[in-house]
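Working notes, beginning with the structure itself.
Heavy-atom basis, side chains included; hydrogens, waters and symmetry copies ignored. Convention: sequence-line order gives letters A, B, ...; per-chain numbering from 1.
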2 protein chains.
Amino acid sequence: MNIGEAAASAGVPPKTIRYYEDIGLIAPAGRSEGNYRVYSEREVHMLRFVQRARSLGFTVQDCRQLLALYRDPGRASADVKAMAERRIQELDRKLAELTSIRQTLAGLVEHCHGDQRPDCPILADLAAADGPG
Amino acid sequence: MNIGEAAASAGVPPKTIRYYEDIGLIAPAGRSEGNYRVYSEREVHMLRFVQRARSLGFTVQDCRQLLALYRDPGRASADVKAMAERRIQELDRKLAELTSIRQTLAGLVEHCHGDQRPDCPILADLAAADGPG
DNA sequence: CTTGACCTTCCAGCGACTGGAATGCCCATC
DNA sequence: GATGGGCATTCCAGTCGCTGGAAGGTCAAG
């Protein structure tokens with residue numbers, strides 16, 4: 001299997017696969033006679049694993065650890081769980097932040113006429129910059 | 001006022017001010033005899049404006065537009081409102097995405113023993129990679 | 001006159017790719 | 001055998017919004 005097919009099958013662009021190889025996230029692929037990278041199902045499986053982890057917001061560093069745990073038959077599930085829980089905590093932090101921003105913006109938008117006149121509480125807030133939020 | 005004082009007063013690092021000047025977000029500051037950047041209250045005000053806009057998640061490009069609108073006495077508040085609404089839409093998209101990810105992770109965490117044994121539904125999900133979410 | 005805090009410029013790096021150029025390989029058709 | 005198109009290869013540069021650090025200049029205090 002060439003990189004294009006592996007990429008399609010794993011749901012990542014070919015460039016990303018080369019990048020992952022470059023940074024040592026995945027092992028260097030074997031090569032054909034014409035120097036093309038060659039992939040087996042096993043390697044595509046790993047790529048899918050990474051793709052899925054990334055789509056859940058794990059960093060590439062996290063992926064390294066997750067792959068290591070995945071490959072380690074003597075792993076403790078506690079270690080995986082801890083990683084997921086840390087990730088959830090970060091998500092909660094981010095969600096709180098974005099929610100707060102959203103509230104602030106929504107409040108400002110609500111009070112803005114949104115017509116042809118220049119008076120605008122949104123700009124006023126940005127200019128004042130010591131209100132709440 | 002030197003850059004350090006301006007920075008403290010606007011709530012941004014000195015490096016960021018130089019960066020903003022570099023990319024043309026704010027006008028080049030005047031210079032002292034010793035080539036130090038010199039800031040007036042007016043310029044600190046602009047910096048605070050940008051800092052506040054950035055803290056609400058507006059991009060630097062957005063800040064350019066917001067500053068332009070702020071400076072334009074003939075602006076229509078509708079334009080500002082539209083920007084804020086677009087931003088809110090983006091936030092909603094992001095919030096939905098993160099919330100969905102959180103749900104998936106929470107579901108996985110819930111089913112993981114988190115003990116010394118290797119069996120782990122989180123890794124199993126990453127490896128399967130065709131479940132929901 | 002020295003110390004130390006501030007300032008200057010410039011270059012490099014973060015994370016996680018992504019775009020593009022220049023080149024090479026492979027297969028099919030004429 | 002030539003040719004064309006679609007793959008592949010490498011390498012460099014850019015994205016976004018800073019941030020760190022090196023090498024040097026300025027300023028006020030002691």
Could you tell me whether the side chain of Y36(A) has a donor or acceptor atom within less than 3.5 Å of a complementary atom in the base of dC26(C)?
->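 A donor-acceptor contact between them is absent.
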With sequence neighbours left out, write down each residue that passes side chain to side chain contact (heavy atoms under 4.5 Å, CB included) with E85(B), or none if nothing qualifies.
-> V109(A), K81(B)
May I ask you to decide whether E97(A) forms a salt bridge with K94(B), counting only side-chain N to carboxylate O separations under 4.0 Å?
->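 No, E97(A) and K94(B) are not salt-bridged.
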Using a strict cut-off of less than 4.0 Å between a Lys/Arg side-chain nitrogen and an Asp/Glu carboxylate oxygen, indicate whether E21(B) and R18(B) qualify as a salt bridge.
->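 Looking at R18(B) together with E21(B), the answer is no, because their closest N to O distance does not fall below 4.0 Å.
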Value in whole Å for how far the [atom2] atom of [N] lies from [atom1] of [X]:
| X | N | atom1 | atom2 | value |
| --- | --- | --- | --- | --- |
| N2(A) | dG24(C) | CG | C1' | 14 Å |
| E90(B) | dC16(D) | CD | P | 13 Å |
| L47(B) | dG17(D) | CG | P | 16 Å |
| Y19(B) | dG13(C) | OH | C1' | 14 Å |
| N35(A) | dG24(C) | CG | P | 12 Å |
| E5(B) | dC27(D) | CD | P | 16 Å |
| Q61(A) | dG15(C) | CD | P | 7 Å |

Under 4.0 Å between a side-chain N or O of [X] and OP1 or OP2 of [N]?
| X | N | value |
| --- | --- | --- |
| T16(B) | dT19(D) | yes |
| R64(B) | dG17(D) | no |
| Y20(B) | dC18(D) | yes |
| R18(A) | dT9(D) | yes |

To the nearest 0.5 Å, what is the distance between CE (M46(A)) and CG (L25(A))?
-> 11.0 Å
CA sep, side-chain torsions, deciding dist, call: R48(B), E41(B), salt bridge (charged side-chain N to carboxylate O under 4.0 Å, His left out) = CA-CA 10 Å; R48(B) 265 195 288 259; E41(B) 263 312 321; 3.4 Å; yes
For P14(A), which contact category applies under a 4.0 Å heavy-atom criterion: base, sugar-phosphate, or nothing?
-> nothing
DNA chain D contacts among residues 21-32 of chain B, heavy-atom distance under 4.0 Å = none
What's the closest nucleotide to the side chain of [X] if the choices are [options]?
| X | options | answer |
| --- | --- | --- |
| K15(B) | dC17(C), dT19(D), dC11(D) | dT19(D) |
| I3(A) | dA8(D), dT8(C), dG17(D) | dA8(D) |
| R37(A) | dA16(C), dT10(D), dT8(C) | dT10(D) |

Donor-acceptor side-chain pairing of S40(A) and E43(A) below 3.5 angstrom =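 Their side chains do contain a donor-acceptor pair, which is all the 3.5 Å distance test asks for.
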Between D115(A) and S77(B), does any side-chain donor sit less than 3.5 Å from a side-chain acceptor?
->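 There is such a pair between these side chains.
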If each of E33(B) and R54(B) is mapped to the nucleotide of DNA chain D with the nearest heavy atom, which maps nearer the 5' terminus, i.e. the 5' end?
->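 Going by which nucleotide is closer to the 5' end, it is R54(B).
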